[in-house]
Amino acid sequence: MRIDIVSIFPEYLAPLGLSLVGKAQQVGLLEVHAHELRQWTHDRHRTVDDTPYGGGAGMVMRPEPWGEALDALAPADAEPPPRLLVMTPSGRRFDQRLAEELAGEPWLLFACARYEGLDQRVVDHAAARMPVDDVSIGDYVLNGGEAAALVVIETVVRLLPGFLGNPESLREESHSTGERGGLLEYPLYTKPAEWRGLRVPEVLLSGHHGQVARWRRDQALRRTAQRRPDLIDRLRDDLDPADLDALDRPED
């Protein structure tokens, strides 16, 4: 996969060179390029923003540097074109399903806006020659799109084949569309069996794989019901009688 990121603060993307994402680049699984938007400006102040038409607070990013940046990075004859992701609080909510969708793309291009956001014409013009998504990582506002891009990139690239040493671990995570079908992950424990007077649940020490699987499923159901009841409401029609019983039964 190739990833390009355009920002006025490309240094913000330095963490992409660390940990597993950095190793993925070293072995050729991933190619990441961060670009400084101001290289496509032509005035001595390297201006990228201006006041909004119609009035209002804040500044809007000018279309000219963004248009030139997209022309340079993704020319009209690029085949296939990248999928442009515009990071904005007014975008589509990012979730695991969208991450899985994006993991199938060969090329992602991130537009990290600042101030009040991009001139809408940048998005409209780009949409005529490449897939474009406005993407939000949550119902809050950041200073810019860089932190959001980091979240999306790390979520997406860990789904690439060969990224994780044990791909089965993806099936057990919160929000996974694997075996748990979108539930939050169950509580996790490791050695020692007792720590500061707190013991690991006996069922996990029993060696009974069926009972362990049922306990984990029950815990995932209860945790999801407590913390994200909206997910339970969405999944209720797909739950079996044992799942419904776990939700109704008081916790041991």
Side-chain angles (χ1 to χ4, degrees), residues 1-18 21-22 25 30-94 102 105-157:
M1 172 182 279
R2 171 172 176 155
I3 294 177
D4 287 275
I5 311 132
V6 182
S7 165
I8 62 171
F9 296 119
E11 301 85 355
Y12 210 115
L13 289 308
L16 293 175
L18 303 176
V21 178
Q25 295 176 69
L30 181 66
E31 184 180 346
V32 178
H33 304 276
H35 308 274
E36 160 66 88
L37 177 66
R38 295 187 194 275
Q39 68 181 288
W40 289 286
T41 59
H42 304 287
D43 66 302
R44 65 175 182 168
H45 299 295
R46 306 181 76 193
T47 305
V48 296
D49 63 309
D50 210 328
T51 55
Y53 277 123
M59 304 290 278
V60 177
M61 301 200 86
R62 294 179 61 97
E64 300 98 328
W66 278 103
E68 290 191 29
L70 297 181
D71 289 345
L73 297 175
D77 59 354
E79 187 57 42
R83 184 165 176 176
L84 176 62
L85 304 179
V86 180
M87 308 313 298
T88 169
S90 61
R92 170 185 177 184
R93 174 76 73 87
F94 182 67
L102 296 176
E105 298 283 350
W107 185 5
L108 299 177
L109 174 54
F110 288 80
C112 298
R114 285 260 159 178
Y115 316 120
E116 296 301 308
L118 292 179
D119 186 303
Q120 181 61 37
R121 292 170 293 181
V122 175
V123 179
D124 295 342
H125 189 271
R129 58 190 177 91
M130 67 184 78
V132 178
D133 295 270
D134 288 339
V135 178
S136 167
I137 63 168
D139 297 338
Y140 45 85
V141 179
L142 299 167
N143 288 329
E146 292 82 9
L150 287 172
V151 168
V152 173
I153 291 169
E154 181 150 329
T155 307
V156 169
V157 301

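Note that the structure is predicted; figures quoted are calculated from it, not measured.
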Between Thr47 and Asp49, is there a donor-acceptor pair closer than 3.5 Å when you use the side chain of the first and the backbone of the second? no
Could you tell me if the side chain of Glu36 sits less than 4.5 Å from the side chain of Ile8, heavy atoms only? yes
Any side-chain heavy-atom pair of Glu146 and Arg114 under 4.5 Å: yes
Min side-chain heavy-atom separation Met1-Val156 under 4.5 Å: yes
Closer than 3.5 angstrom, by distance alone: can the side chain of Thr41 be matched with the main-chain N or O of Asp43 as a donor-acceptor pair? no
Given side chains that start at C-beta, do those of Leu73 and His33 come closer than 4.5 Å, heavy atoms only? no
Considering only heavy atoms from C-beta outward, does the side chain of Ile5 approach that of Ile153 to under 4.5 Å? yes
CA sep, side-chain torsions, deciding dist, call: Leu142, Ile137, side chain to side chain contact (heavy atoms under 4.5 Å, CB included): CA-CA 10 Å; Leu142 299 167; Ile137 63 168; 4.2 Å; yes
Side chains of Met87 and Val135, heavy atoms from C-beta outward: is any pair under 4.5 Å? yes
Contact check, side chains of Leu109 and Leu70, non-hydrogen atoms, under 4.5 Å: yes
Could you tell me whether the side chain of Leu102 reaches within less than 4.5 Å of the side chain of Phe94, counting heavy atoms only? yes
Pick one: which of Leu84, Asp4, Leu150, Val152 meets side-chain contact (heavy atoms from CB on, under 4.5 Å) with Phe110? Val152
Residues pairing under side chain to side chain donor-acceptor pair (under 3.5 Å) where one sits in residues 66-76, two or more places apart or in two chains, turn out to be His42-Glu68, Asp71-Arg129
